[in-house]
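Comments concern the structure below.
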Number of protein chains: 2
Amino acid sequence: MTGSSAGDLPPPPYRAGEKPRRSLGREAIAREALRIIDAEGIDAVSMRRVAAAFDTGPASLYAHVKNKEALLRLAFDLALEELEPVPVAADDWQAVMLRWSLGVHEMLQRHNDIAKLTFAHIPSGEAMLESTERVLGLMIGAGVPPQVAAWSLDILSLYIGADAYEGWLFGQQFGTDDPVEAEAFFGGIKDYFASLPADRFPYIVGNVAALMEGGGEERFRFGLDMFIAGIASTITR
Amino acid sequence: MTGSSAGDLPPPPYRAGEKPRRSLGREAIAREALRIIDAEGIDAVSMRRVAAAFDTGPASLYAHVKNKEALLRLAFDLALEELEPVPVAADDWQAVMLRWSLGVHEMLQRHNDIAKLTFAHIPSGEAMLESTERVLGLMIGAGVPPQVAAWSLDILSLYIGADAYEGWLFGQQFGTDDPVEAEAFFGGIKDYFASLPADRFPYIVGNVAALMEGGGEERFRFGLDMFIAGIASTITR
DNA sequence: ACCTGAACACCGTTCAAGT
DNA sequence: ACCTGAACACCGTTCAAGT
């Protein structure tokens, strides 16, 4: 029997915490925050919990990020990097804009309530700047007045983020993604509208179906189409 | 000297806490929450602080409201009551819709970041139901397809709330309402855009002014006008 | 039904002290 | 520069006990 058989030896003390303790750093911290957002949403992110993933206390994070808000912004920037670049050679600006909008919307939906972080976020990442440049160029190239193009980009971003965030909130109001519960929730609202006195609220009562229809993707697409058509109408040839 | 001269008597003990201790109740609690929102914003509202205004502890509130979220919703409903009713006899639906939108936007701006509570809020108050009925009626009466009218109302509300919320957030990013600080903040962004390599980002660099112009009310109005025009274009006569 | 004190299980951030 | 334990000043919500 030699010392090389370590099977029944207690682990040496300096190896007790051997699990590959991840080292800190801006990106590692932001990535952990994004992981928590994906799993449980923004409210589940706390400095303590992020720090715990690195086997340390919350104070350690402050050497890398200014505060919690900055950490969440970094996590959002990571998510932005998932976006596919806008194709360079594309002439149909309306189709490009629609596809880009749907892509952003889908990305936001993949990350729980991350859309809440889109508000007042000024694009600074490389990828976002490039998308902005492309879409702006396509619009102006097609004859959209520059001021209209600039405002349209802002408003479009606002609409995409707001719709994604609202969609998440509605999802929260009936626990899980259970479609049965969703039906019960929206059905309850429908019944409420339908139960209003028809003499005082004829249009609401008479259009209950339309008011509840396609609360999700369909309504979003409708708004998108109408907005893009609105931009197109500003082109004077 | 009779007992009726109370000037030099110590206050009787049962009058020690005489200050007219406000009694609890759903509305009183919600009104206090709204007061705090107006003064310091939503994040300043805490169960403890609201309770303190009634000289009691946070547990007392739970006899009146389910939880903090419900309390904030009640506060928002109070703010909604400030809205002026949509005029009954009005034929120009586009003007009515524009005025109503601006009214809601202004109300939200009066209450700090209360716009954050507009997301996923289903109108239930008397006043809001009546506005919905009127605007819906005006649109449908003018020939807008019911489904378009219903979706448009949703999207319009989303846009109004999102813009107001984003406006508040931008206001936060430079401490107070100091226009000098605001100029420095937006000037910094402008300089950043202008400093990008012009060969890679020709459209951004070439349209810095348009990208920064009228970040506030002007851009909001533009989006509103375009959206209402979009609705109008769905009328087939 | 309404109200309360105390407790539970958390927060974000700062600070002095270490390396 | 980076990391840490401990502390500060808070949170929302629950619960047993009171009226």
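To find a chain, count down the sequence lines: A is the first, B the second, and so on, and within it residues start at 1.
Atom OH in B:Y62 sits roughly 5 Å away from atom C1' in D:dT13 (whole-Å rounding). If you measure from atom CG of A:L61 to atom P of D:dT4, you get 10 Å, rounded to the nearest angstrom. In this entry the distance linking CG of A:L71 with P of C:dT13 reads 10 Å, nearest Å. Note: NZ (B:K68) to P (C:dC10) measures 18 Å, nearest angstrom. Atom CE of B:M47 is separated from atom C1' of D:dT13 by 8 Å (rounded to the nearest Å). At whole-Å resolution of the value, NZ in B:K66 and P in D:dT13 are 9 Å apart. For the pair A:R48 CZ and C:dC11 P, the computed distance is 7 Å after rounding to whole Å. Between B:L24 atom CG and D:dT19 atom P there is a gap of 18 Å when expressed in whole angstrom units.
Taking atom P in both C:dA9 and D:dC10, one finds a spacing of 22 Å when rounded to whole Å.
As judged by a 4.0 angstrom heavy-atom cut-off over every strand, B:V45 is placed among residues touching the sugar-phosphate backbone only. Using a 4.0 Å heavy-atom cutoff across all strands shown, B:S46 reaches sugar-phosphate atoms only and no base atom.
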- request: Represent DNA chain C in dot-bracket notation, 5' to 3'. Only Watson-Crick or G-U wobble pairs with both distances under 3.5 Å count; pseudoknot-style crossings use [ ] and interstrand partners use |.
  value: ||.|||||...|||||.||

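Residue A:T56 places at least one side-chain N or O closer than 4.0 Å to OP1 or OP2 of D:dT4. Look at A:H64 and you won't find any side-chain N or O under 4.0 angstrom from OP1 or OP2 of D:dA1.
A donor-acceptor pair under 3.5 Å is absent between the side-chain atoms of A:E32 and the main chain of A:V50, judged by distance alone. Formation of a donor-acceptor pair under 3.5 Å by the A:D113 side chain with backbone atoms of A:G41 is not found in this model. The closest donor-acceptor contact from the side chain of A:D163 to the backbone of A:Y159 lies at 3.5 Å or more, if one exists at all.
Applying the ring pair (Phe, Tyr, Trp, His ring centres under 6.0 Å) criterion to A:F227, with sequence neighbours excluded, gives no partner residue.
Ion pairing of A:R73 with A:E69 is absent here, as no side-chain N (NZ or NE/NH1/NH2) approaches a carboxylate O to less than 4.0 Å. In summary, A:R110 and A:E106 do not engage in a salt bridge, as defined by a charged side-chain N under 4.0 Å from a carboxylate O.
Aromatic ring pairs are classed by plane angle as parallel below 30°, tilted from 30° to 60° and perpendicular above 60°; the pair B:Y165 and B:F119 is perpendicular.
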